[in-house]
Every structure is written in C-alpha cells, then in structure tokens.
Chemist: 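Mind having a look at this structure? Questions to follow.
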2 protein chains.
Amino acid sequence: MKKITIGEAARQSGVKVPTVRYYESIGLLAAPSRSESNQRSFEPADISRLAFIRHARELGFEIEAIRTLLTLQDDPHQSCASADAIAKARLIEVEQRIRSLMALKAELEIMMDGCGHGRVDQCRVIEVLADHGQCTHPHH
Amino acid sequence: MKKITIGEAARQSGVKVPTVRYYESIGLLAAPSRSESNQRSFEPADISRLAFIRHARELGFEIEAIRTLLTLQDDPHQSCASADAIAKARLIEVEQRIRSLMALKAELEIMMDGCGHGRVDQCRVIEVLADHGQCTHPHH
DNA sequence: TCTTGCACCTCTAGTCGCTAGAGGATGTAG
DNA sequence: CTACATCCTCTAGCGACTAGAGGTGCAAGA
C-alpha cells in the first residue's frame, strides 16, 4: 500500500494541485483518507477519476455534466442514454460555436483587408466596429 | 434636446440596461448627465459608443482591447497600427480556437460513433473519457 | 385622488472554474 | 541541523456580467 500524495496525484493525472483540492471541495472527487499528519492520501482509482475529469474538461464539458457522467461511470448498469445525450449536446454546442467563429473570422478578415494602415480616421477596423451596417457579413 | 433614458439607450444600442450601468462603472462609457430626479440622460454619441462596444464584444474583443479601440476612435489622428494589431491578434485567436474546436468535434464524433446505445459498461463515451489513450485523434 | 405598475436608482452578492496568496505545519535531502 | 519543497486551510480575485433587495419617481387608468 503506497500512499499517493496530492502532488503525485496531480502529476499523474495532469490536474493541478489546487484544482484537485477544488474538485474535492465541490464534491466531484470523494475526500481521500488522511495520513497521521493530515495529508491527503489518494488511491489509484482517484487518479483515474481525475484523469477522466481532466479529459472531459479538455473536451469542454461543464462541471455539472461531468458530475452526471461520473455517476454514470460509477453505476455501469444504467442506460448509456444520458451519457449519449450529454455528449450529443456538447457536439451540437461545438458545431454551433465553430459556425459562429467562422463568421467572426470572415468579418475580422474583411475589417483587416480594408485597413490602409494609415491614420485612425481612414481605418476600416474602427469604422466597421462603429457602424455595424457596414458589416457585410451576415452572421447575425 | 430630447433626453434619452437608460432604457431607451439600451433598446437603441442593443446593450442591456444593467450592462450599460456596468460599462459606466468601469469607465468604458463616460458618466452621462442626470435629470433633476437623478436619472441618467444619454446623448446620441453615447448610443453610438454603446453600439461600438456591443459590436466589438460580439466579435469577442475583451473589454481592455475595446478600451484601447475607443481611445483610438476618440483621437482620429493617431496611427491605425494599434487597432490593426488588436484586430489581428483577435483574428489569430479566433483561428486557433476554430482549429481546436474542430479537433474536439472530431473526437466527440468518434466517441458517439462508438456508442452502441446500450448500457454504460459498453459505452464508448464513458470509456473514451476514462482512458485518453483510446482517443484516436491527436489534438494535443 | 388614489393606486397600480413600470422604469429608474444604488448596492451587494452570485455566476463559472479555477488561480493566487497569506500564513503556518510537515517531510526530506544534504 | 538547516534548507527547501511540499503540504495544510482559508480568503480573495479573475472577467464580464447577472440577479436581487430595497427604495424613488412618474404616468395613466378607476
């Protein structure tokens, strides 16, 4: 029985030390046992859980969604439908976000193209921002 | 001389009432004059400024960037280079964000494809989240 | 005239997901 | 034994608002 310190847990899971404590404080991670000197002592399962959380966060899932995904993981006999729904919702979100960012990109490019690099009073960047009517791209 | 109330200013600029007050509080918008009964009384120029801010926010510029853009707008004899640089930085940010979201989308799609819609213990969604090694897409 | 109801005012606190820092205890290497 | 790293708890801060409490002012209908 090796005792895993919070630092080690952080290193292995890729989650930062204060973030590990934060996850414990919001109940995403069960409070681990403590050593005689009150230091947290994690188990391998905790590392997996932290890695799960980290990966899900990287994929942009919100903490509450992750909480649901974790309870599903904890009870493997449940239907997979909720996990499916959460992932699908996230996919739709991501697709929407990509579309809107592409529109932004187009608008920014138009802005930049029009900039003669002279003085502000000839600057399309400022001008376009000031008057949305000049914005040729219909992103909204 | 018509007096523009905060509600009217909000309606015309598309910025919400509390947000207008917030912008005033952080000095993005000059404090307008007040009526006898202490109500804010805006001028047309304030509406333009609010619309400018709103459009810039829609394009994802941060408040501090907008603050700089506004000072540029206020002094039209300055070089346009700063505005240019801010817009360019934003464009690069947006492009990066699009790339990373595309990678996420791919990973989410792989996850969903593998889901047999059965029970959690056969669910690829949970499984992929739990073990990043299974994530075939090299987005990081 | 009353009263209803809306728009306005200020101020504080909450949101999300951490991150930073204070101030102190403990563990480890030389 | 002395550094120094790591751990502990607690509080406050970030950005850009948003929500709510508690109060004033104003116009229109009964």
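Chain identifiers are assigned alphabetically (A, B, ...) following the order of the sequence lines, protein sequences preceding nucleic acid strands; residue numbering begins at 1 within each chain.
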Chemist: Whole Å only: how far is the CD atom of Glu8(A) from the C1' atom of dG27(C)?
Modeler: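 So the CD-C1' distance, Glu8(A) to dG27(C), works out to 15 Å.
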Chemist: With a 4.0 Å cutoff (strictly under), does any side-chain N or O of Arg21(A) reach OP1 or OP2 of dT9(D)?
Modeler: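 For dT9(D), OP1/OP2 do not have a side-chain N/O of Arg21(A) under 4.0 Å.
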Chemist: Is Phe61(B) touching bases, backbone alone, or none of the nucleic acid, heavy atoms closer than 4.0 Å?
Modeler: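 No contact.
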Chemist: Given atom CD of Glu24(B) and atom P of dA16(D), what is their separation to the nearest angstrom?
Modeler: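 Answer to the nearest Å: 18 Å.
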Chemist: Establish, with yes or no, whether the OP1 or OP2 oxygen of dC8(D) is under 4.0 angstrom from a side-chain nitrogen or oxygen of Ser37(A).
Modeler: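 Looking at the OP1 and OP2 atoms of dC8(D), neither is under 4.0 Å from any side-chain N or O of Ser37(A).
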Chemist: Given that Glu62(B) and Ser35(B) both sit by DNA chain D, which one's nearest nucleotide is further toward the 5' end?
Modeler: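 The 5'-side residue here is Glu62(B).
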Chemist: Starting from the 5' end of DNA chain C, give me the residue, Glu64(A) or Arg11(B), whose nearest nucleotide shows up first.
Modeler: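 The residue whose closest nucleotide sits nearer the 5' end is Arg11(B).
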Chemist: Round to the nearest Å and state the distance from Ile4(A) atom CD1 to dC7(D) atom C1'.
Modeler: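 Rounded to the whole Å, the gap is 16 Å.
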Chemist: How many whole angstroms separate atom NZ of Lys3(B) from atom C1' of dC8(C)?
Modeler: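 Rounded to whole Å, this separation is 13 Å.
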Chemist: Nearest to the side chain of Asn38(A), heavy atoms from C-beta on, is which of dC8(C), dC8(D), dC17(D)?
Modeler: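 Closest nucleotide among those given: dC8(D).
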Chemist: Tell me whether the OP1 or OP2 atom of dT10(C) has a side-chain N or O from Arg34(B) closer than 4.0 Å.
Modeler: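 Yes.
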Chemist: Do Asp75(A) side-chain atoms and Leu72(A) backbone N/O form a donor-acceptor pair below 3.5 Å?
Modeler: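 The answer is no, because no donor-acceptor pair under 3.5 Å joins these two groups.
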Chemist: Can you tell me how far P of dA16(D) sits from CZ of Arg54(B), to the nearest Å?
Modeler: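 Taking atom P of dA16(D) as the reference, CZ of Arg54(B) is at 17 Å.
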Chemist: Spell out, as yes or no, whether a donor-acceptor pair under 3.5 Å connects the side chain of Arg54(B) to the backbone of Arg49(B).
Modeler: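 Here the side-chain-to-backbone pair does not exist.
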Chemist: Taking only side-chain nitrogens and oxygens of Lys16(A), does any of them come within less than 4.0 Å of OP1 or OP2 of dC18(C)?
Modeler: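 For dC18(C), neither OP1 nor OP2 has a side-chain N or O of Lys16(A) closer than 4.0 Å.
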Chemist: For Ala9(A), does its backbone N or O pair with a side-chain atom of Ser13(A) as donor and acceptor, under 3.5 Å?
Modeler: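 Such a contact is found between Ser13(A) side chain and Ala9(A) backbone.
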Chemist: Let me confirm one number: the CD-CD1 distance from Glu107(A) to Ile110(A), rounded to the nearest 0.5 Å.
Modeler: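 These two atoms lie 7.0 Å from each other.
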Chemist: According to a strict under-4.0 Å criterion, is Arg40(A) in side-chain N/O contact with OP1 or OP2 of dC8(D)?
Modeler: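 Arg40(A) to dC8(D) OP1/OP2: side-chain N or O found under 4.0 Å.
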Chemist: Take the protein atom OH of Tyr23(A) and the nucleotide atom P of dT19(C), then report the distance between them rounded to whole Å.
Modeler: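 One finds 8 Å between P of dT19(C) and OH of Tyr23(A), rounded.
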Chemist: Please report, rounded to the nearest Å, how far the C1' atom of dG14(C) is from the CD1 atom of Ile26(A).
Modeler: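 One finds 16 Å between C1' of dG14(C) and CD1 of Ile26(A), rounded.
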Chemist: Check whether Arg57(B) reaches the backbone of Phe61(B) with its side chain - one donor and one acceptor, N or O, closer than 3.5 Å.
Modeler: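 Yes; at least one donor-acceptor contact below 3.5 Å.
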Chemist: Between Thr19(A) and dT19(C), is there a side-chain N or O to OP1/OP2 distance below 4.0 Å?
Modeler: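 Checking dT19(C) against Thr19(A), a side-chain N or O does come within under 4.0 Å of OP1 or OP2.
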Chemist: Would you tell me if any nitrogen or oxygen in the side chain of Tyr22(B) comes within less than 4.0 Å of OP1 or OP2 on dG15(D)?
Modeler: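 No, because none of the side-chain N or O atoms of Tyr22(B) sits under 4.0 Å from OP1 or OP2 of dG15(D).
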Chemist: Within this structure, what is the CZ-to-C1' distance between Arg67(A) and dC16(C), rounded to whole angstrom?
Modeler: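 Between C1' of dC16(C) and CZ of Arg67(A): 13 Å.
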